[in-house]
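Heads up: the structure comes next, in C-alpha cells.
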Amino acid sequence: MLLSQLLLGLVNGSFYAILSLGLAVIFGLLNVINFSHGAMFMLGAIVTWMGGQYFGINYWAMLILAPLTVGLVGIIIERLFLKHLYHLDHLYGLLLTFGLTLFIEGILRSIYGASGLSYSAPELLSGATDLGFMVLPNYRAWVVFSSLIVCFATWYVIEKTSLGAYLRAGTENPKLVQAFGVNFPLMTTLTYGFGVALAAFSGVLAAPIIQISPLMGSNLIIIVFAVVVIGGMGSIMGSILTGLGLGLIEGLTKVFYPQASNTVVFVIMVIVLLFRPAGLFGREK
Amino acid sequence: ADQPPLKIGFITDMSGLYADIDGQGGLEAMKMAVADFGGSVLGRKIEIISADHQNKAEIAASKAREWIDQDGVSVIFGGTNSGTALATSKVAAEKKRIYINNGAGTSALTNEQCTPYTIHYTYDTIALANGSANGMLDKGYKNWYFLTADYAFGYALEKDASNVVIAGGGKVLGNVKHPLNASDFSSYLLQAQSSKAQVLGLANAGGDTINSVKAANEFGITKTMKLAGLLVFISDVHAIGPKNAQGLLATTAWYWDQNDQSRKFAARFFEKMRRMPGMVQAGDYSSTMTYLNAVKAAGTDDSDKVMAQLRKTKINDMFTKNGYIRKDGTMVHDMYLYEVKAPADVKSPWDYYKLVSTLPGEKAFTIPPDSKCALLNK
Amino acid sequence: MQETILKTIGLGKTFKGFSAVTDVNLEVARGSIHTLIGPNGAGKTTCFNLLTKFLEPSSGQILFNGIDITREAPAEIARRGVIRSFQISAIFPNLTVLENVRIALQRNLGTELHFWKSGRSLERLNSRAMGFLEEVGLADFANEDAVSLAYGRKRALEIATTLAMEPELMLLDEPTQGMGHEDVERVTELIKRVAKGRTILMVEHNMKVVASIADTITVLQRGEVLAEGSYGEVSRNPLVMEAYMGSHRGEAL
Amino acid sequence: MKLLKNLLLIILIGAAIVAPLYAYPIFLMKILCFALFAAAFNLLLGYTGLLSFGHAAFFGGAGYCVGYLMRDAGFGPAGGIICGVLFAATLGALVGGLAIRRQGIYFSMITLALAQMFYFICLQIPLSGGEDGFQGIPRGELFGLLNLQSDLNLYYLVLLIVLGGFFFINRVISSPFGQILKAIKENEPRAISLGYKVNLFKFLAFVLSASIAGLAGGTQAIVFGFETLSDVHWTMSGLVILMTLLGGVGTMLGPLVGATVIVLLEHKVGELGSYLTQLTGVAWFNSLGESVTIVTGFIFIICVMSFRRGLVGVFIKKN
Amino acid sequence: MSTLALGVDNLQSWYGESHILHGVNFSVSDGEVVTLLGRNGAGRSTILKTILGLTSKRTGSILVYGKETIGMPTYQIAHLGIGYCPEERGIFASLSTEENLLLPPQIAKGGMSLDEIYEMFPNLYERRSSPGTRLSGGEQQMLAMARILRTGARLLLLDEITEGLAPVIVEKLGEVVSKLRVRGYTIVLVEQNFKFAAQLADRHYVVEGGLIVEVVERVELGAKADVLNGYLGV
Ligand SMILES: Nc1ncnc2c1ncn2[C@@H]1O[C@H](COP(=O)(O)OP(=O)(O)OP(=O)(O)O)[C@@H](O)[C@H]1O
Ligand SMILES: Nc1ncnc2c1ncn2[C@@H]1O[C@H](COP(=O)(O)OP(=O)(O)OP(=O)(O)O)[C@@H](O)[C@H]1O
Ligand SMILES: [Mg+2]
Ligand SMILES: [Mg+2]
C-alpha cells in the first residue's frame with residue numbers, strides 16, 4: 001500500500017518537476033515570475049484536444065506539436081509584452097502574466113465552458129501492468145519516464161553548455177552580454193518559448209488523465225510556485241528534485257492525513273525557508 | 001399609460017467553475033421563458049438584468065441589495081454556489097423580496113436558514129443523496145465507501161447519503177477526504193478500493209468528480225465498485241466522456257430526454273447555446289415561468305401576495321409534474337436516478353442516461369419532522 | 001581610556017577551505033589614522049567585514065575598548081561607535097542629502113520606533129545635520145535627492161553620514177576610489193579634518209593619500225600581515241615593494 | 001504644491017461626504033474598505049519594500065473574528081472592530097516574526113504559505129461555516145446610540161474609520177519611524193551599519209500593516225453582514241497587490257484609485273457593456289458582463305504596458 | 001595613412017530624457033592608443049557606451065573598421081571586433097571565475113589562450129572556481145580586463161581599468177597595455193589616472209560637458225601641461 005502510494009506520488013512529482021522546471025528556467029534566466037505558466041499548461045492540454053477534435057491528429061504527434069504551438073504563443077507574448085519589462089522590477093512581469101492568465105483563461109472559458117473536455121490515452125498505453133503490490137496504468141509509467149528524460153536533458157543544456165552560461169550571464173546584465181556580441185534578445189525569446197513549451201508538454205501528458213478545462217492550470221500554479229521556491233528560485237536541479245520529492249511527500253500525506261495534501265507543500269515551504277533562506281538548492285546572495 | 005417594466009434580477013456564476021451548470025445558459029433559459037410568457041405581465045414589459053457574482057458572496061449580496069434599492073427589481077433569481085445563495089437570501093429576506101434559487105446545493109437555504117421569501121427550486125443535497133442512496137439500496141448495493149471533498153458541502157453530501165444508507169440497512173465502510181480541487185485522485189481511489197465496498201459514493205462536485213471518475217477508470221476501480229455520484233450534472237458527464245463515465249450513477253431533477261416536452265425545450269435551447277440544457281437551466285426556465293404565472297394570477301408583484309400565490313399553485317410543466325412549493329421554500333418534486341450508458345448505446349451526442357429509478361418528491365426532500373426551519377413546523 | 005581602541009587576536013576567515021584572512025593581530029591606537037594596504041585580494045575588505053560582523057569570523061577575537069565584541073550583531077557593533085563605509089558607495093539614493101544625514105542623527109533621539117510621532121519632531125535635527133554637511137562641503141545640496149549627486153559628492157555625503165553617527169572608530173573602505181584628482185584631494189583633506197578626536201581605520205590604494213595621512217600602515221598579503229609601520233618604514237621594505245608597491249614605490253606611474 | 005495637496009484633500013473628503021447622495025452607499029463602503037486594505041498593504045510594499053503575499057489572512061481573519069464576536073458573543077461594532085484589529089495584529093506578529101528574516105521573493109512566499117495554512121484552518125473549522133460562509137453578522141448599534149441599520153449611518157461610520165486609517169498611515173510614513181523605514185528600503189546594509197536593527201523595523205511595519213488590513217476587513221464584514229472564504233484565499237492577496245500596483249505603489253492616493261477601479265470592474269463591467277451596446281449598436285459588448293475576468297486581464301495588461309507607475313504615479317509625473 | 005579603426009562624427013547620446021553627449025568628434029587609427037580624460041561626470045564612459053549602442057538613443061555617425069554602426073544592434077557591433085571592459089566591471093555572480101572568463105564568444109581569430117591569460121593574472125588562476133562576484137574588488141577588475149583578451153577583438157574600449165588596483169598591478173596593467181599595443185591592438189582608454197595614461201597613449205582627448213574640448217598629441221604633452229592642468233586639476 002505504502003509503496004504504491006509512493007509510486008503514485010512520483011507520478012505527480014513528475015508533473016511538478018516539469019512544470020517547476022519551466023518556471024525555474026524562465027525565472028532563472030529571464031527574471032520573470034511567469035504566472036501564466038498554469039495557463040500554458042492548460043493550453044498544452046487544450047491544444048492537444050483540439051488537434052484530435054478538429055484535425056484528427058493523434059496523441060504522439062501532439063506530444064511534439066502542442067509544445068511547439070504553445071511555445072510559439074510564448075514567443076509572441078515575449079516579443080509583444082515581456083521584452084519591454086526586463087529592466088523593471090520582477091513584480092511587473094508577474095503582474096503582466098497574471099493579467100494574461102485571466103485573459104487567456106477567460107477567453108477559453110467563454111468558448112469551451114468550465115466543465116471540461118474529454119480526451120483518452122493512446123491505445124498503445126491504455127493497459128496496465130501488474131507490479132505485484134499494485135496495478136500501475138501504463139500511461140502513468142510513461143508520464144514518469146518521459147518527464148524525467150525531458151527534465152534531465154534541460155538541466156544538462158542549461159548547466160553544462162555555453163548556451164546556458166550566456167543565459168545565466170544575460171539574466172544579470174543583458175546589456176553587457178550583448179556588448180560581447182551575443183544576440184541576447186533572440187535568446188530570451190527562445191528561452192521563454194522553451195519554458196512555456198515545457199509547461200505545454202506536461203499539459204499534453206496530463207490531458208488523458210485529468211479534466212481538460214480552461215481553469216485546470218490555476219489550481220496547480222500556486223503549488224508549483226511553492227515547489228520552485230522550496231527548491232531555490234532559479235535553481236534548475238533544485239526544481240526537478242524538489243518537484244519529485246514533494247510528489248512523494250504529498251503521496252504519503254494522502255495516506256496519513258489526506259485533507260492536508262494540498263497544504264503540506266506550504267508547511268514544508270515554511271520549514272525549509274526557516275532553515276535554508278534561499279531554498280534547498282538556491283544560492284544565497 | 002407607460003407602466004414601468006417589471007424587473008427580474010439574475011445573479012449567478014457566469015465565468016467561473018460553475019458557469020456551465022447555470023451561467024449564460026441559465027440566462028438564456030430565463031429569456032426563453034419570458035418570451036414564451038409573452039414578454040409582458042400586467043401590462044408591464046418584463047426585463048431581466050443579470051450579473052456575474054464570480055463566486056464571491058459580497059458581490060452577490062451587494063448586487064442584490066443594489067438591485068432592490070436602486071433598480072427596484074421585483075424578484076431575484078440566484079444560481080450556483082451556496083455561499084452566494086445564503087448571502088443573497090439574507091438580503092432578500094431583509095428587504096422582503098422574493099429570492100428563487102436554482103443552482104446552489106446547500107439545504108440550509110430551506111432548513112436552518114430558511115426565510116419566508118426564499119424558494120429553493122431545482123434540487124438540494126438532501127434530495128440528491130436520497131435519490132442516489134435509495135436507488136442503489138433498492139438494487140441491492142449495501143456496502144458503501146465515500147470519497148469526500150474536504151469542506152462543508154462535501155461533508156453534507158456524505159452525511160445525508162450515509163444516513164439514508166444506514167437507515168436502509170446498508171453499511172458505510174469508511175471514507176477518505178480529499179482537498180478541494182485536487183488534481184490527482186489515484187491514491188484516494190486505491191484507498192477506497194482496498195475497503196472492498198460495493199459502492200463508491202462521490203461526495204464531491206465539478207472538476208473533482210470528473211477527475212475522480214477518470215482516475216477510477218484508469219485504475220480499473222470501476223470493475224470492482226459501482227460509482228455513485230452524489231452531485232453530477234450532465235455537463236460533467238459530457239466532460240468525462242461516455243467511455244470513462246459508463247456505469248456511473250447520478251441523481252438529477254431533470255434530464256433532457258425524459259419526455260416530449262423536455263425534448264422540445266432542449267431542442268430549442270440547443271439551437272441557441274450549442275449544448276444541451278442541464279437540470280439547473282431547465283429549473284431556471286420553469287421557475288421563471290412559475291413566478292410570472294403567479295404574478296399574473298395575483299395581479300401584482302407584491303412579494304407577500306405573489307409568495308402566497310406561489311405556495312398554493314401546483315407546478316406542471318416540462319420540468320416537473322405536480323410539484324409544489326412548501327412553507328419552508330422547498331419546491332417539492334420527483335427526483336430520478338440515472339445510469340450512464342455504455343458508449344455503444346450512445347446514439348447521439350448528449351445521449352448519456354438511462355433511467356434506473358424514480359424517487360417521489362415527498363421522499364426525496366427533507367421530511368418536515370427533520371427540518372429545523374421554523375416556518376415549516378409552526 | 002585605553003591606548004588601543006581596537007585589537008584583534010588571531011582573526012581568521014576561510015571560505016570553503018580558502019583562507020582569505022589568517023591570524024591577523026591588529027592593534028589600532030586611539031586617535032590615529034591607521035591604513036590597511038595590500039595587493040588585491042589580500043583580505044582587506046574581508047577584514048572590515050569581520051570587524052563589523054557582516055561576516056562571521058572563523059577564528060579569533062575582536063576587542064573594542066577592551067571589550068570582546070566577537071559575538072555581537074552588526075547593529076550592536078554600530079551602536080558601540082564602530083561605523084563603516086562601503087567600498088561601493090552607500091547612500092540612501094531617494095532621500096534628500098539632508099535626510100541622509102538625519103537618518104544617522106535620529107538614532108540618538110531614541111524615537112526611531114515611534115510610528116505615531118509627527119515627522120516634524122525630526123526638524124530639530126536639521127541644524128546639526130547642516131553642520132555636518134558644511135563640514136564636507138555639501139551644504140548647498142542639502143535639499144537635493146542624493147541620487148543626483150556627482151560621484152565624489154556621494155562619497156562626501158557618505159562620510160558626512162558616518163560622521164553624524166559620532167563614531168569613535170570609523171572604517172573607510174577605499175574612500176577615494178573612482179574620484180578625480182580634485183575630489184581625491186578634497187576627500188583627503190576631509191579625512192584629515194574629521195580625524196581629529198577620532199580614530200580612523202581605512203583601506204586605500206592611492207599611495208599619495210596614504211603617504212600624506214596615514215600614521216600607521218599595516219600591509220596584508222594573502223590574508224596575513226606582511227609588515228607594519230609608518231609610511232617611510234613600510235615603503236622601504238623590500239617585501240612590500242615586491243608584493244605591493246612595485247618598482248615605483250607606490251608612486252602612481 | 002502643499003496648498004494644492006490640501007485642496008485636493010478637501011475636495012476628496014467633501015466628495016466622500018456627499019457621495020452617498022449620488023451613488024449606492026454599500027458600493028461606496030466596499031470601495032472604502034478595499035482602499036484602506038490596499039493602503040495598509042502599500043505601507044508595507046511602497047514604504048518598506050516588502051511584498052507580502054498573505055495579506056488576505058489579516059483582512060479575512062479579522063472579518064471572521066469581528067463576525068464571531070458580534071454575532072455569537074454579543075459584542076458591539078466598536079468592541080468587535082477593536083478586537084478584530086488586535087486579532088489581525090497578533091496574526092501579523094506571528095507571520096511577520098517568521099517571515100521577516102527572509103529576503104525578496106522568499107519573504108513573499110513565506111507569507112503566502114502561512115496565509116494558505118490560515119486558509120486551511122478557516123476551511124476546516126466548523127465555526128467559519130466552510131464554503132457557505134459565516135452568515136448573519138448583525139450591524140448593531142454604535143455605543144448603543146447610533147443605529148447602523150441605516151446604510152447612511154453606517155456609511156459615515158465607515159468613512160470615519162477609513163479616513164482615520166489613512167490619516168494614521170500617513171502619520172506613520174512621515175514619523176521618525178517612517179524615515180528609518182524608507183532608509184531601509186533604499187539601502188538595507190547601510191541602515192544596519194548605522195546601527196539600526198532593521199528586522200525590528202520591518203517587523204513593526206508588518207504588524208502595523210496587518211492591523212490596518214484587519215481594520216479594513218473587520219469593517220467590511222460589518223458592512224456586508226457576512227464573511228466568506230474568498231476573503232482569506234490567496235486570490236484576495238493577489239487582488240490587493242493588483243489594486244496597489246494599479247493605483248501606484250508608494251503614493252498615498254494610489255490605493256484609493258486602484259481599489260475604486262477594481263471594485264468598479266467587478267461590479268459594473270456588465271453595465272458598461274450594455275451601455276456600450278446601446279451607444280455603438282455592437283451587440284458583442286453585451287457579453288462583457290460574463291467576461292469580467294477577460295476585461296480585468298486586459299486592463300492589467302494595458303496598465304503594465306503603459307501606466308507602469310500606476311494611475312496616480314502617471315498623473316504625478318505629468319505635473 | 002593607416003586605416004581608421006574608429007571614426008566618431010557628431011555623436012549625440014541620451015539616457016532617457018537627459019541629453020549627455022552633444023556632438024563628439026574623434027577618430028582612432030588602427031594600432032593607436034588614445035585616452036579620454038576628464039572630470040567625473042564629463043561623459044567619458046558614456047562615449048564608450050554609446051559606441052556600443054548601450055544608451056537609450058544616439059545620433060551621428062560611428063564607423064568601426066569602415067562600417068557605419070549607428071543603426072546596428074549592440075551584438076552586431078561587437079562582432080566587428082570590439083572588446084569592452086565596463087567601468088562597473090560587470091562580473092557575473094552566477095558564473096564562476098573561469099566561466100566568466102570563457103563567457104564572451106570568440107569574434108575573431110588571434111585572441112589569447114586561457115593559459116596565457118592565467119599567466120598574466122595568476123590571482124585569477126588561483127580563484128578560478130569561485131563565483132565571480134566573490135572575488136576582491138581588484139581581482140574583479142583583472143577578470144573584466146582579462147576576459148576580452150580571449151575573444152580576438154582588435155579594438156578595445158577600456159573604462160577605468162586601474163581603478164582600485166594595487167600599484168604593482170597597475171604597473172603590470174601598464175605593461176599589458178604596452179604589450180597589446182605592440183601586438184597591434186587599437187585601444188581607447190578612459191582614465192582618471194593621468195600618469196598611467198600619459199605613458200601609454202598616442203593622443204589624449206579631454207572631455208567636458210559631453211564635448212571634446214581639447215586634443216593633446218603625445219609630443220605636445222610638455223607644451224600643453226598647463227592646459228591639461230586647467231581641465232583636470234592634475
Ligand atoms: N564571500 C566570499 N566567498 C569566497 N571568497 C571570498 C569571499 N569574499 C572574499 N573572498 C576572497 O577572499 C579574498 C580577499 O578578498 P577581499 O575582498 O578582502 O580583498 P581586498 O583585500 O579587499 O582586495 P581589493 O583591494 O581588491 O578590494 C579574495 O581572494 C576573494 O576572492
Ligand atoms: N544611466 C544613466 N542615466 C542617466 N544619466 C546618466 C546615466 N549614466 C550616466 N549619466 C550621467 O551622464 C553624465 C556622464 O556620465 P559618465 O558616466 O559618462 O561620466 P564619466 O566621465 O565617465 O565620469 P566618471 O568618472 O564618474 O565615470 C553624468 O552627468 C551622469 O550623471
Ligand atoms: Mg576590497
Ligand atoms: Mg566613467
Side-chain angles (χ1 to χ4, degrees), chain B residues 10-16 19 23-27 49-71 81-91 93-94 104-109 112-113 115 149-156 177 179-180 205, chain D residues 23-31 33-34 60 63 119-120 122-126 128-137 139 149 151 220-221 223-231 233 235-236 239 263 265-271 273-274 286-297:
Chain B
F10 177 48
I11 183 138
T12 191
D13 175 9
M14 297 263 186
S15 57
Q24 202 56 32
L27 179 60
I49 49 182
S50 66
D52 179 6
H53 61 45
Q54 299 153 51
N55 293 315
K56 290 184 187 161
E58 93 269 4
I59 295 185
S62 49
K63 262 289 163 207
R65 232 183 254 272
E66 192 180 340
W67 279 345
I68 296 170
D69 288 347
Q70 310 246 299
D71 299 85
N81 184 320
S82 301
T84 59
L86 289 168
T88 317
S89 160
K90 285 259 155 33
V91 172
E94 184 193 319
T106 179
S107 54
L109 269 178
E112 52 271 40
Q113 305 202 34
T115 86
D150 185 38
Y151 62 117
F153 170 76
Y155 297 160
K177 298 197 173 71
L180 190 58
Chain D
Y24 187 57
I26 302 262
F27 181 65
L28 293 174
M29 286 187 262
K30 182 171 178 187
I31 293 183
C33 290
F34 273 108
Y119 171 79
F120 183 68
C122 290
L123 185 74
Q124 291 282 316
I125 56 169
S128 72
E131 79 137 7
D132 288 353
F134 188 96
Q135 305 282 351
I137 303 172
R139 286 182 178 182
Q149 226 45 52
D151 282 354
Q220 190 219 226
V223 170
F224 290 121
F226 53 79
E227 183 59 51
T228 58
L229 284 174
S230 63
D231 279 353
H233 197 243
T235 44
M236 179 58 77
L239 199 67
V263 174
L265 266 179
E266 274 187 347
H267 282 252
K268 303 285 177 190
V269 168
E271 280 146 65
S274 357
N286 256 334
S287 61
L288 269 186
E290 298 85 58
S291 328
V292 178
T293 48
I294 304 181
V295 176
T296 316

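Lettering follows sequence order; numbering is per chain, from 1.
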- Does B:Ser62 have any side chain to side chain contact (heavy atoms under 4.5 Å, CB included) partners at least two apart in sequence or in another chain, and if so, which? D:Ile26, D:Phe224, D:His267
- Message: Applying side chain to side chain contact (heavy atoms under 4.5 Å, CB included), can you list everything that pairs with B:Ser89, at least two apart in sequence or on another chain?
- Response: B:Tyr99, B:Leu109, B:Thr115, B:Thr118
- For the residue pair D:Tyr24 and B:Glu66, what are the closest heavy atoms and their distance? OH-N, 3.3 Å
- Message: Rounded to the nearest 0.5 Å, what separates atom OG in D:Ser230 from atom NE2 in B:His53?
- Response: 11.0 Å
- Sort B:Asp13 into side chain, backbone, both or neither according to what part of it lies under 4.5 angstrom from a heavy atom of chain D. neither
- Does any heavy atom of chain D fall under 4.5 Å from the side chain of B:Gln70, the backbone, both, or neither of them? side chain
- Which atoms of B:Gln54 come close to chain D, meaning under 4.5 Å heavy atom to heavy atom: side chain ones, backbone ones, both, or neither? side chain
- Task: Supply the atom-to-atom distance B:Asn55 CG to D:Thr228 OG1, rounded to the nearest 0.5 angstrom.
- Result: 10.5 Å
- Item | Least distance between heavy atoms, B:Asp150 atom then D:Leu123 atom | O-CD2, 3.8 Å
- Task: With rounding to the nearest 0.5 Å, note down the distance linking CZ in D:Phe226 to OG1 in B:Thr84.
- Result: 9.0 Å
- Heavy-atom pair count under 4.5 Å with chain D, highest-scoring of B:Arg65, B:Lys56, B:Lys90: B:Arg65
